[in-house]
Enquirer: 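Below you will find the structure I want to go over with you.
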Amino acid sequence: MTERKTLPSAYNPKLVEEKWYRFWEEGGYFRAEVDPAKRSFCIVMPPPNVTGELHMGHALNNTLQDVLTRWRRMQGYTALWLPGTDHAGIATQARVEAMLAKEGLSRFDLGREKFLERVWAWKDKYGHTITMQLRRLGASCDWERERFTMDEGCSEAVKEVFLRLYERGLIYRDNYIVNWCPHCRTVISDIEVEHKETAGHLYYIKYPVKDGQDHVLIATTRPETMLGDTAVAVNPADERYRDFIGKRLILPLAKRELPVITDDYVETEFGTGALKVTPGHDPNDFEIGRRHNLPSVQVIGADGRMTVEAGARYAGLDRWECRKLVVEDLQREGLLVKIEDLSHAVGHCYRCDTVIEPTVSKQWFVRMKPLAEPAIRAVQEKRVVFIPERFEKIYLNWLENIRDWCISRQLWWGHRIPVWHCPDCGESTASRDDVDRCPRCGSERVEQDPDVLDTWFSSALWPFSTLGWPKDTADLSFFYPTSVLVTARDIIFFWVARMIFTALAFMENVPFREVFIHGLVLDALGRKMSKSLGNGVDPIEVIESHGADSLRFMLVTGNTSGNDLRFHFERLDGARNFINKLWNASRFALMNLGEDTGRKDLDGAAYELADRWILSRYRQAVLKTTEHLDLYDLGEAARVLYDFVWDEFCDWYIELTKPRLYRGTPQEAAVARAVLRKVLGGTLKLLHPFVPFVSEEIWHHLEPGAVPLIIQPWPADEPELDDSAAEEEMAVLIDIIRSIRHIRAEMKVPPGRRAAVILIVPEEKARRVFEQNKHYIEELAAGTVSVAGDIAAKPAQAAHAVAAGVEIFVPLGGLIDIKKEQFRLTKELDAVLQELSRVEGKLRNTGFLAKAPEEVVAKERGKQAELTQKREALESRLRMLGQ
RNA sequence: GGGCGAUUAGCUCAGGGGGAGAGCACUUGCCUUACAAGCAAGGGGUCGUAGGUUCAAAUCCUACAUCGCCCACCA
């Protein structure tokens, strides 16, 4: 049990963050034990790449998850936040290959097995970077359950899912046009292709008619692919080409013959209306080729260089060099008619940014239609709810237009496809266990398919593979379906949709009930943070300079309804200042609490107005914070606490306790201390999910020996704290204190100079309230206050104001400048008159009186009365000064 | 070509059918024994444009403009 002691005047996160994280982790506070007596709350972390380092996107994503997890944990749920990392096929393999390259080696020099050993070694050595960084952020994950997409359990789940899909006929292997990345040397799926608007050219080329003088003019953006042309297609309705249909053309350069065919796909409007068909290197041409039984020629190889099929002159050339040469050759032969500029979308690899080459190749696919349908229904029927709702449309639109998913990759690092091919009889065998003999012909020359699965294939199983599936585990039955998925909006397709359809296919239940989508973290100029731009802000550096809590608070308050968040250091400073404010308010409380353990059962009579007020406001903070969290308005919840702590607790309540604490009777001071302790303690609980480190640190000073904040119960509603009378009375007092301060500032009354303020309060009940609480005004507006129903002689040498129905006189002796006072009052009167005419206009409107709700009308009437009284007081004061 | 978001104070952004808000910056005065990463007071906005719905619109609807993002097989 530590004692309360004085704290330094500035909060230093470095002194406490590591300490508390170790305390929590080693104390097992993050551990979630299956307990049927409790409600379960579960978030499965979107696994960052093992190769990764924490970036701002991770920081935001994980802060939001941590806020939810800590909050639910305090609410008494068994809260499991399950962490893990993703093997990230291409990224990791590329990293290790780059390392090998420095040794002058390629992966082929090592061979598959040795290479994979190197990758695992790399993972063991560097794979913890990001999880260590998540700890710095304060992530309260259950690290004892940390998983990896290629660990034994996840791999078993992958194999099981593949086999069951295969057995159901939902996985097939086919020669198909796919997106080939010549740099990564693998196929990638449709969504891994990034389309970028690129400035290019449209080349018009003559294709001569065989045995004739005529020609067909075609237009293409990629002249090098003409070497793989196997037809020219026109629209059947296109009059211009009627006479060419069925004729044969001579493909320039290659000198091959091409038929002229018709296909509805061809647009008469675009280019020349004649389309060169290259089934080997264009998705549309591939389809046309299938419809017309055209041969497909691969002229561009896996390395992006021209193949022998392209002809001796071009074979071996890089595809871009080849384009140049083809254009030159055409020009020389007089077949190039013109070149136009054209801006068009070009596909790039999302990993390495290389231009994708559509290529025909034999790959594995998942048949999507049957899987997509239940996933669409689950969201339509709100079994999975998107927050904000608008992302539902994006999800549905994608699944409704889904195409089959290419799942094989020509990589070594990943889950190997569990299929064995027999070279003797051609049989392919999918199996859970290794196959060493062909089950059909008995050949022992069977070989496992060389490809691995798309990394997203294993991510798709993450919500249940991490909980033990395909085994029937206690975790699975307790935590599944998980509660909510928290993720950035850019992986709805890659990940969210795939988890939903996979879960529905294998768990017969949704993977999570809610999907909480947040935006991207952009730089100050609104650009995506990226390595190539060098505009990224390193969260770890921010944690070093401002502390993890500041970063978290800034990210949470910056995140609004799925919109992107620009990173501004000013905001970070603001968050840091807030935490420092909290720290100092706590110092104040601790200094005054001393060894006092406080009484918790003070009877109501002992409370002053300020106490009743702050307790009532505190209750509102509890209610609002909880409400906003329930609705995933995390930023709004944090803002409620910011305002409560700064504007109400610090600026008013602490100031109002000082007279009692410094000069009050022991009993009075004890009451103030008890309220300080209760409100600060409760507020720390409310703040803990957002700023876990500083709140835990203060908590242990405030309540030495108490259970740590991380598992303190979330503040419940205490209706008995509600005190609307106190709130109204305090609002009036605050209003009057501000008015007096305003006068003093305007009149340049030195801060130390006291003033004898007179308040004229005609109403008797209100007058009693003022009599009782005028010491607040005296303390905070520096002076003495006398309260009267009316006074015969209103002082001339006084500044005047009206607030909350009360006339205020601040006698200033010689300091008063009548002209200046008249000017000030006139300005005030103008504002009152303007507002009054607006209100009266409204009250003259019969439509308003008839249709507006009663309370709105009553409110306007109240305003009218108050403004009228204010006007009269100001006018009379001006008349008096004018005499 | 579709879809989505944004447009509010000098800057960055909340809010959202009935009196325009915050932080930063700015002006003035304060090192007042929790805090100068602070305290007090203040200036500053016809809430992108045009229509519409409504007793009432910054807020809802429709168009448009500008910016940004996503999707899309027109060579």
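Values below: every heavy atom of this structure, side chains too, minus hydrogens, waters and symmetry copies. Sequence lines set the chain letters: A, B, ... in the order given, protein chains first and strands last, and positions in each chain run from 1.
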Enquirer: Side chains of A:Thr230 and A:Pro279: does their closest heavy-atom pair fall under 4.5 Å?
Expert: yes
Enquirer: Check the distance between B:A25's P and A:Phe569's CZ and give it to me in whole angstrom.
Expert: 16 Å
Enquirer: Would you mind checking if A:Glu779 and A:Arg663 are paired as a salt bridge, meaning a charged N to carboxylate O distance below 4.0 Å?
Expert: yes
Enquirer: Which residues in residues 216-238 of chain A have at least one heavy atom lying under 4.0 Å from any atom of RNA chain B?
Expert: A:Ala219, A:Thr220, A:Thr221
Enquirer: Look at all strands and tell whether A:Val277 reaches a base, only sugar-phosphate, or nothing, counting heavy atoms closer than 4.0 Å.
Expert: nothing
Enquirer: Can you name the nearest heavy-atom pair linking A:Arg552 to A:Phe690, along with the distance?
Expert: NE-O, 3.0 Å
Enquirer: What are the two closest non-hydrogen atoms of A:Val679 and A:Thr683, and how far apart are they?
Expert: O-OG1, 2.6 Å
Enquirer: Between A:Glu224 and A:Arg319, is the closest basic N to carboxylate O distance under 4.0 Å?
Expert: no
Enquirer: Return whichever of A:Asp643 or A:Gly847 has its heavy-atom-nearest nucleotide of RNA chain B closer to the 5' end.
Expert: A:Asp643
Enquirer: If pairs are Watson-Crick or G-U with both distances under 3.5 Å, what is the dot-bracket string of RNA chain B, marking crossing pairs with [ ] and pairs to another strand with |?
Expert: (((((((..((((....[..)))).(((((.......))))).....(((((..]....))))))))))))....
Enquirer: Drop me the distance from A:Lys748's NZ to A:Arg753's CZ, to the nearest 0.5 angstrom.
Expert: 15.0 Å
Enquirer: Quick one: are A:Tyr265 and A:Ile288 in side-chain contact, heavy atoms under 4.5 Å?
Expert: yes
Enquirer: With C1' as the reference atom in both, quote the distance from B:C73 to B:A63 in angstrom, rounded to an integer.
Expert: 32 Å
Enquirer: Would you measure the distance from the C1' atom in B:A58 across to the matching atom in B:A6 and give it in whole Å?
Expert: 15 Å
Enquirer: Can you tell me how far P in B:C47 sits from the matching atom in B:C60, rounded to whole Å?
Expert: 15 Å
Enquirer: Collect all protein-nucleotide pairs involving nucleotides 31-34 of chain B in which both atoms are nitrogen or oxygen and the distance is under 3.5 Å.
Expert:
{"residue": "B:A34", "atom": "OP1", "partner": "A:Lys658", "partner atom": "NZ", "Å": "3.3"}
{"residue": "B:A34", "atom": "OP1", "partner": "A:Tyr662", "partner atom": "OH", "Å": "3.4"}
{"residue": "B:A34", "atom": "OP2", "partner": "A:Tyr662", "partner atom": "OH", "Å": "2.4"}
{"residue": "B:A34", "atom": "O2'", "partner": "A:Asn584", "partner atom": "OD1", "Å": "2.9"}
{"residue": "B:A34", "atom": "O2'", "partner": "A:Arg587", "partner atom": "NH1", "Å": "2.5"}
{"residue": "B:A34", "atom": "N7", "partner": "A:Lys658", "partner atom": "NZ", "Å": "3.3"}
{"residue": "B:A34", "atom": "N6", "partner": "A:Cys650", "partner atom": "O", "Å": "3.3"}
{"residue": "B:A34", "atom": "N6", "partner": "A:Glu655", "partner atom": "OE2", "Å": "3.1"}
{"residue": "B:A34", "atom": "N3", "partner": "A:Asn584", "partner atom": "O", "Å": "3.2"}
{"residue": "B:A34", "atom": "N3", "partner": "A:Ala585", "partner atom": "N", "Å": "3.3"}

Enquirer: Do A:Arg290 and A:Glu287 meet the salt-bridge criterion of a basic N to acidic O distance under 4.0 Å?
Expert: no
Enquirer: Tell me which of A:Asn284 and A:Tyr11 sits closer to the 5' end of RNA chain B, going by the nucleotide each one is nearest to.
Expert: A:Tyr11
Enquirer: Can you check the A:Ile737 CD1 to B:A41 C1' distance for me, whole Å?
Expert: 14 Å
Enquirer: Between B:A37, B:G18, B:U28, which one does the side chain of A:Lys842 approach most closely?
Expert: B:G18
Enquirer: Hey, are the side chains of A:Val216 and A:Tyr241 touching, using non-hydrogen atoms and a 4.5 Å cut-off?
Expert: yes
Enquirer: C1' atom, B:U54 versus B:G42: distance in rounded Å?
Expert: 38 Å
Enquirer: Does A:Trp398 put a side-chain nitrogen or oxygen below 4.0 Å from OP1 or OP2 of B:G2?
Expert: no
Enquirer: Is A:Tyr632 close to A:Ile517 at the side-chain level, that is, under 4.5 Å between some pair of heavy atoms?
Expert: no
Enquirer: Taking CZ from A:Arg390 and C1' from B:C70, how many angstroms apart are they, rounded to a whole number?
Expert: 12 Å
Enquirer: Using a strict threshold of under 4.0 Å (side-chain N to carboxylate O), is an ion pair present between A:Asp523 and A:Arg566?
Expert: no
Enquirer: OP1 or OP2 of B:A41 versus the side-chain N and O atoms of A:Arg738: is any pair under 4.0 Å?
Expert: yes
Enquirer: Do the side chains of A:Lys338 and A:Glu340 get close enough for a salt bridge, i.e. N-O under 4.0 angstrom?
Expert: yes
Enquirer: How about A:Phe286 and A:Tyr176: are their ring centres within less than 6.0 Å of each other?
Expert: yes
Enquirer: Which atom pair, heavy atoms only, marks the closest approach of A:Val326 to A:Pro223?
Expert: CG1-O, 3.9 Å
Enquirer: Quickly work out the A:Leu520 CG to B:C70 C1' distance and round it to whole Å.
Expert: 11 Å
Enquirer: Taking only heavy atoms on the protein side, list every residue of residues 848-864 of chain A lying under 4.0 Å from any atom of RNA chain B, sorted numerically.
Expert: A:Phe848, A:Lys851, A:Ala852, A:Pro853, A:Val856, A:Glu860, A:Lys863
Enquirer: For atom P, what is the distance between B:C39 and B:G23, given to the nearest Å?
Expert: 10 Å
Enquirer: Can you check whether A:Arg403 has a side-chain N or O nearer than 4.0 Å to OP1 or OP2 of B:C73?
Expert: yes
Enquirer: Would you mind reading off the distance between A:Leu275 atom CG and B:C74 atom C1', rounded to a whole angstrom?
Expert: 9 Å
Enquirer: A:His344 has a side chain; which of B:A41, B:C39, B:A75 sits nearest to it?
Expert: B:A75
Enquirer: Should the pair A:Arg838-A:Glu835 be classified as a salt bridge under the 4.0 Å nitrogen-to-oxygen rule?
Expert: yes
Enquirer: Rounding to a whole Å, what distance do you find between A:Asp490:CG and B:C71:C1'?
Expert: 14 Å
Enquirer: Classify the side chain of A:Arg576 and the base of B:A37 as holding, or not holding, a donor-acceptor pair under 3.5 Å.
Expert: yes
Enquirer: For A:Glu400 and B:C70, what is the distance between atoms CD and P respectively, to the nearest whole Å?
Expert: 21 Å
Enquirer: Assign A:Phe391 to base, sugar-phosphate, or nothing according to its heavy-atom contacts below 4.0 angstrom with the strands shown.
Expert: nothing
Enquirer: Reckon A:Lys748 has a side-chain N or O less than 4.0 Å from the OP1 or OP2 of B:G29?
Expert: no
Enquirer: Only counting residues at least two apart or in another chain, list the ones meeting salt bridge (charged side-chain N to carboxylate O under 4.0 Å, His left out) with A:Lys14.
Expert: A:Glu544
Enquirer: I need the CG-C1' distance between A:Asn401 and B:C71, as an integer number of Å.
Expert: 9 Å
Enquirer: In whole Å, what separates the P atom of B:G3 from that of B:U62?
Expert: 12 Å
Enquirer: Encode nucleotides 7-15 of chain B as B, S and - characters from 5' to 3', where the letter depends on protein heavy atoms closer than 4.0 Å: B to the base, S only to sugar-phosphate, - to neither.
Expert: -----SSSS
Enquirer: Ring centroid separation for A:Phe494 and A:Tyr350, is it under 6.0 angstrom?
Expert: yes
Enquirer: Quick check on B:G38: is either OP1 or OP2 less than 4.0 Å from any side-chain nitrogen or oxygen of A:Asn577?
Expert: yes
Enquirer: Expressed as a whole number of Å, how far does the C1' atom of B:G51 sit from that of B:A57?
Expert: 13 Å
Enquirer: When you compare B:G44 with B:U27, how far apart are their P atoms, in angstrom units rounded to a whole number?
Expert: 16 Å
Enquirer: Counting C-beta onward and ignoring hydrogens, is there a side-chain heavy-atom pair between A:Val232 and A:Leu275 closer than 4.5 Å?
Expert: no
Enquirer: Do A:Pro358 and A:Arg222 make a side-chain contact, defined as non-hydrogen atoms from C-beta onward lying under 4.5 Å apart?
Expert: yes
